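Atom set for the values below is all heavy atoms of this structure, side chains included, hydrogens, waters and symmetry mates excluded. Everything numeric here is computed off the predicted structure, so don't read it as measured data.
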Amino acid sequence: RQWHSAVVIQAAYKGMKARHLLRGQHQAAVLIQSTYRMYRQYSFYQKLKWATKVIQEKYRANKKKQKALKHNELKAETCTQTNFKDMNIRKQIEKQHQAAVIIQKHFKAFKIRKHYLHLKATVVSVQRRFRARTTIGTQAVPCIQSSYRDFKVQREIQDMRLAS
């Protein structure tokens with residue numbers, strides 16, 4: 001009868017431990033999912049922002065070019081100057097585009113690194129909690145087993161006394 005009680009206690013403890021572990025894993029999954037969704041939205045926003053800047057730069061450069069062409073149509077000398085200015089504007093836009101690409105690459109690397117460190121910290125925290133729960137559970141099992149063995153030995157001693 002006491003053996004049955006020990007089994008019931010062990011089953012209840014294991015069930016409680018499993019539910020707690022499952023709850024922790026669920027919370028970790030929710031946290032990871034929400035962080036990933038936030039990162040995905042932020043990445044989409046950055047792409048839109050970059051595309052807007054590129055379109056604005058191209059539009060402004062085109063407007064400058066049209067304005068310069070209209071202004072300098074009558075003078076033959078200014079045609080060469082316009083071409084030179086257009087070439088300089090194109091070079092300047094290309095340099096700005098390259099600088100924007102480099103900045104974006106570094107910023108994306110920073111965000112990914114930050115996201116990775118956050119996820120790593122979450123995983124380490126979950127692992128620590130799991131290991132702490134596991135060590136508590138492994139300490140309880142030998143204690144219960146030891147108590148049961150003591151009880152069993154005492155019962156055998158009593159049976160021997162009654163038999164003699």
Side-chain angles (χ1 to χ4, degrees), residues 6-145:
V7 169
V8 169
I9 290 170
Q10 288 176 349
Y13 175 77
K14 288 177 183 176
M16 183 262 317
K17 187 170 112 178
R19 284 190 300 276
H20 187 72
L21 176 64
L22 185 62
R23 189 179 308 120
Q25 289 173 346
H26 184 265
Q27 289 173 349
V30 167
L31 178 67
I32 291 168
Q33 289 169 351
S34 66
T35 305
Y36 174 73
R37 287 185 193 117
M38 179 185 69
Y39 166 75
R40 190 176 61 200
Q41 287 298 319
Y42 185 78
S43 176
F44 179 70
Y45 167 74
Q46 288 298 326
K47 286 178 185 176
L48 285 179
K49 187 176 172 183
W50 173 78
T52 304
K53 284 183 181 181
V54 169
I55 291 170
Q56 286 175 346
E57 287 175 359
K58 296 223 182 250
Y59 176 76
R60 289 175 184 150
N62 192 26
K63 286 296 254 185
K64 272 187 177 180
K65 182 178 177 181
Q66 287 178 359
K67 188 176 181 180
L69 285 174
K70 284 181 183 179
H71 182 68
N72 295 323
E73 277 179 356
L74 299 175
K75 298 180 183 178
E77 300 125 15
T78 58
C79 186
T80 307
Q81 291 174 351
T82 304
N83 289 338
F84 181 75
K85 287 179 183 178
D86 287 343
M87 183 183 70
N88 281 341
I89 288 172
R90 272 188 244 114
K91 284 182 181 179
Q92 187 178 15
I93 289 173
E94 184 60 31
K95 285 180 183 178
Q96 289 174 352
H97 180 70
Q98 289 173 352
V101 167
I102 290 170
I103 290 170
Q104 288 171 354
K105 186 186 340 176
H106 287 289
F107 183 75
K108 286 177 184 176
F110 166 75
K111 288 298 288 181
I112 290 171
R113 192 168 33 255
K114 185 176 177 183
H115 181 66
Y116 167 75
L117 291 175
H118 175 72
L119 289 178
K120 182 180 174 185
T122 304
V123 168
V124 167
S125 173
V126 169
Q127 286 175 343
R128 283 184 186 149
R129 289 180 188 158
F130 176 76
R131 288 180 183 138
R133 301 282 187 213
T134 305
T135 56
I136 290 171
T138 57
Q139 291 170 358
V141 170
C143 180
I144 292 171
Q145 289 173 345

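The backbone N or O of Val30 lies less than 3.5 Å from a partner atom in the side chain of Ser34, making a donor-acceptor pair.
Here Trp50 contributes atom CH2 and Lys47 contributes atom NZ; the two are 10.0 Å apart, rounded to the nearest 0.5 Å. Taking CG of Leu21 as the reference point, atom NE2 of His26 lies at 13.0 Å (rounded to 0.5 Å). Atoms CG and CD1, from Leu117 and Ile112 in turn, are 12.0 Å apart once rounded to the nearest 0.5 Å.
Arg23 meets the side chain to side chain contact (heavy atoms under 4.5 Å, CB included) test with His20, Gln27; sequence neighbours excluded.
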Give every donor-acceptor pair under 3.5 Å between a side-chain atom in residues 89-107 and any protein atom, sequence neighbours left out.
{"residue": "Glu94", "atom": "OE2", "partner": "Gln98", "partner atom": "NE2", "Å": "3.4"}

Please table the atom pairs, donor to acceptor, closer than 3.5 Å between any side-chain atom in residues 37-46 and protein atoms at least two apart or in another chain.
{"residue": "Tyr42", "atom": "OH", "partner": "Gln46", "partner atom": "NE2", "Å": "2.8"}

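Contact annotation: the side chain of Gln56 approaches that of Thr52 to within less than 4.5 Å [non-hydrogen atoms, C-beta and beyond]. Using a 4.5 Å heavy-atom threshold, the side chains of Tyr13 and Met16 count as touching.
At most 12 heavy atoms of other shown residues, nucleotides or ligands fall within 6.0 angstrom of atom NZ in Lys14.
Checked options Lys65, Arg60, Gln66; the residue passing with Lys63 is Gln66 (criterion: side-chain contact (heavy atoms from CB on, under 4.5 Å)).
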